[in-house]
There are 2 protein chains.
Amino acid sequence: MNIGDVATQTGLPAKTIRYYEDIGLIKPLRDENGYRRFREQDVHKLNFLGRARALGFTIEDCRTLLALYEDETRASADVKKVARAHLAQIEAKISDLNAMRDTLGHLIDACAGDDRPDCPILQDLGGKP
Amino acid sequence: MNIGDVATQTGLPAKTIRYYEDIGLIKPLRDENGYRRFREQDVHKLNFLGRARALGFTIEDCRTLLALYEDETRASADVKKVARAHLAQIEAKISDLNAMRDTLGHLIDACAGDDRPDCPILQDLGGKP
DNA sequence: CCTTGACCTTCCCGTGACTGGAACCCCCAT
DNA sequence: ATGGGGGTTCCAGTCACGGGAAGGTCAAGG
């Protein structure tokens with residue numbers, strides 16, 4: 001399989017697939033003409049990576065998870081640890097964003113949104129006291 | 001005031017302040033020795049920027065908001081529009097993150113986290129069916 | 001007077017995870 | 001032979017800074 005087919009199958013852009021090879025996540029073979037040739041295992045790995053990335057894992061986490069995935073002697077505790085650390089990051093970010101949403105929501109509600117210049121949003125940003 | 005004092009007062013790193021000058025958000029004066037000299041208005045702008053950034057506005061949004069802030073003839077509707085667009089982005093991101101948190105949370109709950117290799121997290125990433 | 005140390009300056013590189021584009025090669029159909 | 005649709009590499013840009021080098025400036029202490 002060439003990169004275009006793999007891109008279609010996995011839903012990943014060809015650029016991304018090349019990037020994943022660059023950083024050593026996958027190692028497709030090469031045809032005589034220099035084209036990448038992907039085996040089933042490569043496609044499988046790429047699907048794995050796509051799902052892990054969709055869950056927000058960093059590339060380095062993906063590298064770790066992939067290594068665990070291929071290690072038959074892994075302990076599930078190691079996987080869980082990575083996942084829990086990532087979950088904590090997600091929750092931290094959610095809580096940051098919730099705070100922003102609340103503040104911004106209140107300011108927006110308080111703003112008339114008409115053609116006059118008075119604006120509680122700008123007043124707040126300007127340090128209103 | 002020199003940059004260090006301004007950094008202390010505003011809570012922004014000196015690097016960030018220089019960056020904001022680079023991209024034209026502020027225009028401090030210069031002393032004969034080449035040092036930046038910050039007026040009250042510069043400090044005020046920096047505080048404005050710090051608060052806007054803390055609410056997650058992009059630098060370009062900040063530029064727009066600052067321009068509106070300084071425009072006495074603005075319409076609050078323009079401010080509200082920028083804020084609402086940003087709020088929508090925040091809410092979209094929150095909803096993405098919530099989805100990730102839910103999925104990841106379920107997987108983590110299902111994972112024994114012991115020294116055995118069986119792991120629902122990896123099974124899911126591997127395309128478990 | 002000299003030195004020390006805390007400032008300040010500019011400049012360049014690196015971050016994460018790609019994306020866009022240029023310049024070029026390869027293969028098949030018309 | 002030509003056109004189009006693959007593929008390849010490499011370079012630059014994204015966003016909002018942060019780290020660090022190399023060097024100028026200033027006030028205080030020996």
Side-chain angles (χ1 to χ4, degrees), chain A residues 1-38 42-43 45-46 48-66 82 85-86 89-90 92-93 96-97 100, chain B residues 1-38 42-43 45-46 48-66 85-86 89-90 93 96-97 100:
Chain A
M1 268 172 115
N2 284 347
I3 200 167
D5 309 312
V6 178
T8 305
Q9 268 210 25
T10 61
L12 297 171
K15 278 272 190 186
T16 298
I17 298 173
R18 288 193 197 100
Y19 174 65
Y20 287 171
E21 185 190 11
D22 268 3
I23 61 174
L25 286 177
I26 52 168
K27 292 175 189 49
L29 305 175
R30 293 290 179 142
D31 282 345
E32 299 224 340
N33 56 15
Y35 286 20
R36 289 168 183 81
R37 187 157 55 79
F38 294 83
D42 298 316
V43 178
K45 274 196 200 185
L46 285 168
F48 182 101
L49 290 168
R51 279 186 284 263
R53 291 288 300 128
L55 284 178
F57 285 104
T58 66
I59 290 284
E60 282 318 299
D61 280 348
C62 288
R63 199 187 295 279
T64 304
L65 291 171
L66 205 46
V82 173
H86 179 49
Q89 300 257 351
I90 288 176
K93 192 158 248 173
D96 285 357
L97 289 172
M100 289 180 197
Chain B
M1 270 172 110
N2 284 346
I3 200 167
D5 308 312
V6 178
T8 305
Q9 269 210 25
T10 60
L12 296 172
K15 278 270 189 187
T16 298
I17 298 173
R18 289 194 195 100
Y19 174 66
Y20 287 171
E21 184 190 11
D22 268 3
I23 62 173
L25 287 176
I26 52 167
K27 293 177 187 48
L29 306 175
R30 293 289 179 143
D31 282 343
E32 299 225 337
N33 56 16
Y35 286 20
R36 289 168 182 82
R37 188 157 54 81
F38 293 84
D42 298 317
V43 177
K45 275 197 200 184
L46 286 169
F48 182 100
L49 291 168
R51 279 185 283 263
R53 291 287 301 130
L55 283 179
F57 284 104
T58 65
I59 290 284
E60 283 318 298
D61 280 347
C62 289
R63 198 187 298 278
T64 304
L65 292 171
L66 204 47
H86 179 48
Q89 299 256 352
I90 289 175
K93 192 159 247 174
D96 285 356
L97 289 171
M100 289 181 197

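Note that these values count all heavy atoms, side chains included, but never hydrogens, waters or copies made by symmetry. Sequence lines set the chain letters: A, B, ... in the order given, protein chains first and strands last, and positions in each chain run from 1.
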From CA spacing to verdict: side chain to side chain contact (heavy atoms under 4.5 Å, CB included), A/Leu66, A/Lys45: CA-CA 8 Å; A/Leu66 205 46; A/Lys45 274 196 200 185; 4.1 Å; yes

Within-4.5 Å side-chain heavy-atom neighbours: B/Arg53 and B/Ile59: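 When only atoms from C-beta onward are counted, B/Ile59 and B/Arg53 do touch, with a gap below 4.5 Å.
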
Side chains of B/Leu29 and B/Asp42 in contact at under 4.5 Å (non-hydrogen atoms):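 B/Leu29 does not reach B/Asp42 side chain to side chain.
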
Can you check the [X] [atom1] to [N] [atom2] distance for me, whole Å?
X	N	atom1	atom2	answer
A/Asp61	C/dG16	CG	C1'	13 Å
A/Ile23	C/dT15	CD1	P	12 Å
B/Glu21	C/dC11	CD	P	12 Å
A/Glu32	C/dC25	CD	P	19 Å
B/Lys15	C/dT15	NZ	P	15 Å
A/Tyr19	D/dT8	OH	P	18 Å
A/Ile17	C/dA17	CD1	P	17 Å
A/Arg18	C/dG20	CZ	P	13 Å

I want to verify a distance call: between [options], whose nearest atom is closest to the [X] side chain?
X	options	result
A/Pro13	C/dT19, D/dG7, D/dC17	C/dT19
A/Arg30	D/dC17, D/dT8, C/dA17	D/dT8
B/Asn33	D/dC17, D/dT25, C/dC8	D/dT25

Backbone of B/Tyr35 reached by a side-chain donor or acceptor of B/Asn33 within 3.5 Å: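 Yes; at least one donor-acceptor contact below 3.5 Å.
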
Test item: B/His86 side-chain N/O and B/Leu55 main-chain N/O as donor-acceptor pair under 3.5 Å: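 Indeed, once roles are kept as given, a pair shorter than 3.5 Å links the two residues.
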
Electrostatic pair A/Arg37:A/Glu32 at N-O distance under 4.0 angstrom: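 No salt bridge links A/Arg37 with A/Glu32.
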
Pairing of A/Glu21 and A/Lys27 as salt bridge, 4.0 angstrom limit: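 Result for this pair is no, no salt bridge flagged.
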
Check whether any side-chain N or O of [X] sits under 4.0 Å from OP1 or OP2 of [N], and answer yes or no.
X	N	result
A/Thr16	C/dA17	no
B/Tyr20	D/dA16	no
A/Thr58	C/dG16	no

Give one of base, sugar-phosphate or nothing for [X], where a contact means two heavy atoms less than 4.0 Å apart.
X	result
A/Phe57	nothing
A/Arg36	sugar-phosphate
B/Ile3	sugar-phosphate
B/Arg37	nothing

Check: B/Tyr35 side chain, D/dG24 base, donor-acceptor under 3.5 Å: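 Check passes, donor-acceptor contact within cut-off.
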
Close residues, residues 49-56 of chain A, relative to DNA chain D [heavy-atom separation under 4.0 Å]: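 Under 4.0 Å from DNA chain D: no residue of residues 49-56 of chain A.
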
Chi angles and distances behind the side chain to side chain contact (heavy atoms under 4.5 Å, CB included) call for A/Asn2, A/Phe38: CA-CA 6 Å; A/Asn2 284 347; A/Phe38 294 83; 6.0 Å; no

